[in-house]
**Q** 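My structure is below; once you've seen it, I'll send some questions.
Bear in mind that the values here come from a model prediction, so they are computed numbers and not experimental data. To find a chain, count down the sequence lines: A is the first, B the second, and so on, and within it residues start at 1.
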There are 2 protein chains.
Amino acid sequence: MLSKKTKYGLKALTFLASQKVKQPVQIAEIAKQENISQKFLESILLSLRKTGFLGSKKGKGGGYYLIKEPKEIFMTDVMRVLEGPIAMVPCVSLNFYEQCDDCPDEDSCAVHMLMLKVRDANLKVYRNTSLADLTG
Amino acid sequence: MLSKKTKYGLKALTFLASQKVKQPVQIAEIAKQENISQKFLESILLSLRKTGFLGSKKGKGGGYYLIKEPKEIFMTDVMRVLEGPIAMVPCVSLNFYEQCDDCPDEDSCAVHMLMLKVRDANLKVYRNTSLADLTG
DNA sequence: ATTTACCCTATAGAATTAGTAGATTAATAA
DNA sequence: TTATTAATCTACTAATTCTATAGGGTAAAT
C-alpha cells in the first residue's frame, strides 16, 4: 500500500507545480484544497524541503514553493524520499542494498529473481515520469 | 517493503516446486531448509492451501504439496494471496477497487495517474512470471 | 500411540497518522 | 522603533494498526 505520506506529498507537489503565479503557497491553503490533515502535511513539506524539492519562506506572505522546474523533478527521487526505497527487498536495491541474512545465495533465490524484475519495471515508470507529466 | 509472509510463502512454494519426488513435505523440513520461523510458516502454508495452491496430508508421511504444475501458477495470483492487492492504491485496483474519499476526481488525480502506470508495470511482470520461472 | 497438520490466542515491537504546545522568523502596522 | 500578526519550525505524545512470532491444544492419518 502507498502510504498517506506519499499520497499527500505527491498531491502537494502537483498542487505547487500547477500554480500559475510563482509565489509561496501556505500549508493551510494546500491542506484545504487537497483535503489533507494540515499538521501531517506540515511534516511532509518539511521533509520535502530538507531534501531539496521545496523552498520555504517564513512569516507573512510565506509558504512553500518548488525549487526546480516540474520537468526536472522525477518520480524516482520523489518516491525515494516519500515512500523509501523503490526495491521491495534490500537485496535488489540500488541505493539501499543490504544482504539478506537468511538467504545463502542471491543468484538462486526466487524472491530475489522476482523482485529484481519488479524493481526494474517500477524504476522504468518512475524514471520516465516527471512532476510535469502528472499535472495533466 | 515486501512482507516476510510473502517472502516466506514464495520460498516455500519454490521449495515445493523444486522437489523431485512428488511426496508431501513437512512444515518443519521447509522451515529448516529455508530459515523460516516454523510457526509463522505454518499459518502461511495454511492460507496457501485454503486458496487452492497447496494440498496437505496429515499424520506420518504427511505434509504439503503443490496442487498445480509450477508452470500454471502465476505470480499475479500468488502475490494477491500473500501480499494483497497488486495496486498500491484502491482506486487503481482491478480486483479490489474502492473510490478515494478525499479525491474529487480520479481522472485529474496525480496519484491515480502515476499509480495506474505502476500497477500496469507490475501486473505485466507478475502475469509473465510463473513459479516454474523462479526455480531456475 | 505417534506423527503430523490444524486452529486459536496472545504479545512485543514497529510503523503510520495524526494531535498539542510552543519557539522562531519575517513582514507589516502603530 | 516597537508591537502585532502570520507563518514556518521543532519536539513530544498518542491512538491505531500491522507485523512477526510464540504457545498450547485439537483433529486426523498411519
**Q** Could you report the tightest heavy-atom contact between A:Ala17 and A:Leu131, atom names first, then the distance?
**A** CB-CD2, 3.9 Å
**Q** Where along residues 21-33 of chain B does a heavy atom fall under 4.0 Å from DNA chain D?
**A** none
**Q** Using whole Å, report how far CD1 of A:Ile44 lies from C1' of D:dT10.
**A** 16 Å
**Q** Take the protein atom NZ of B:Lys7 and the nucleotide atom P of D:dT21, then report the distance between them rounded to whole Å.
**A** 10 Å
**Q** Among residues at least two apart in sequence or on other chains, which ones pass salt bridge (Lys or Arg N to Asp or Glu O under 4.0 Å) with A:Glu69?
**A** A:Lys22
**Q** Tell me, which pairs form a side chain to side chain donor-acceptor pair (under 3.5 Å) where one or both residues lie in residues 92-106 of chain A, sequence neighbours left out?
**A** A:Tyr97-A:Glu106, A:Asp102-B:Lys7, A:Asp105-A:Ser108
**Q** Could you list by number each residue of residues 80-103 of chain B showing a heavy-atom separation from DNA chain D of less than 4.0 Å, or answer none if no residue does?
**A** none
**Q** Using a cut-off of 4.0 Å on non-hydrogen atoms, how would the nucleic acid contact of B:Gly63 be classed: base, sugar-phosphate, or nothing?
**A** sugar-phosphate
**Q** Whole angstrom is fine here: how far is it from CG in A:Leu45 over to C1' in D:dT10?
**A** 15 Å
**Q** Mind checking what makes side chain to side chain donor-acceptor pair (under 3.5 Å) contact with A:Ser130, not counting sequence neighbours?
**A** A:Asp133
**Q** I want to confirm an ordering. Mapping B:Ser56 and B:Gly59 to their closest nucleotides on DNA chain C, which one lands closer to the 5' end?
**A** B:Gly59
**Q** Rounded to the nearest Å, what distance is computed from the NZ atom of residue A:Lys57 to the C1' atom of nucleotide C:dT28?
**A** 12 Å
**Q** With side chain to side chain donor-acceptor pair (under 3.5 Å) as the rule and sequence neighbours excluded, what pairs involving residues 76-86 of chain B come up?
**A** B:Ser3-B:Glu83, B:Thr6-B:Glu83
**Q** OP1 or OP2 of C:dT25 versus the side-chain N and O atoms of A:Lys60: is any pair under 4.0 Å?
**A** no
**Q** Throw together a table of side-chain donor-acceptor distances under 3.5 angstrom for residues 118-125 of chain A, partners on residues two or more places apart or in other chains.
**A**
unit_1: A:Arg119; atom_1: NH1; unit_2: A:Val92; atom_2: O; d: 2.9
unit_1: A:Asn122; atom_1: ND2; unit_2: A:Val118; atom_2: O; d: 3.4

**Q** According to salt bridge (Lys or Arg N to Asp or Glu O under 4.0 Å), who are the partners of A:Lys11, at least two apart in sequence or on a separate chain?
**A** none
**Q** Do side-chain atoms of B:Thr129 reach the backbone of B:Tyr126 as a donor and acceptor pair under 3.5 angstrom?
**A** no
**Q** List the protein contact pattern of nucleotides 9-24 of chain C with one symbol per nucleotide (5' to 3'): B for base contact, S for sugar-phosphate-only contact, - for none; contact means a heavy-atom distance under 4.0 Å.
**A** --------SSBBB---
**Q** List for me each residue that meets salt bridge (Lys or Arg N to Asp or Glu O under 4.0 Å) alongside A:Lys39, sequence neighbours excluded, and say none if there are none.
**A** A:Glu42
**Q** Taking salt bridge (Lys or Arg N to Asp or Glu O under 4.0 Å) as the definition, give me every residue that meets it alongside B:Lys50, ordered by chain and number, with sequence neighbours left out.
**A** none
**Q** Nearest whole angstrom, please: distance from the C1' of D:dT8 to the NZ of A:Lys50.
**A** 11 Å
**Q** Tell me, please, which residues at least two apart from A:Lys57 pass side chain to side chain donor-acceptor pair (under 3.5 Å).
**A** none
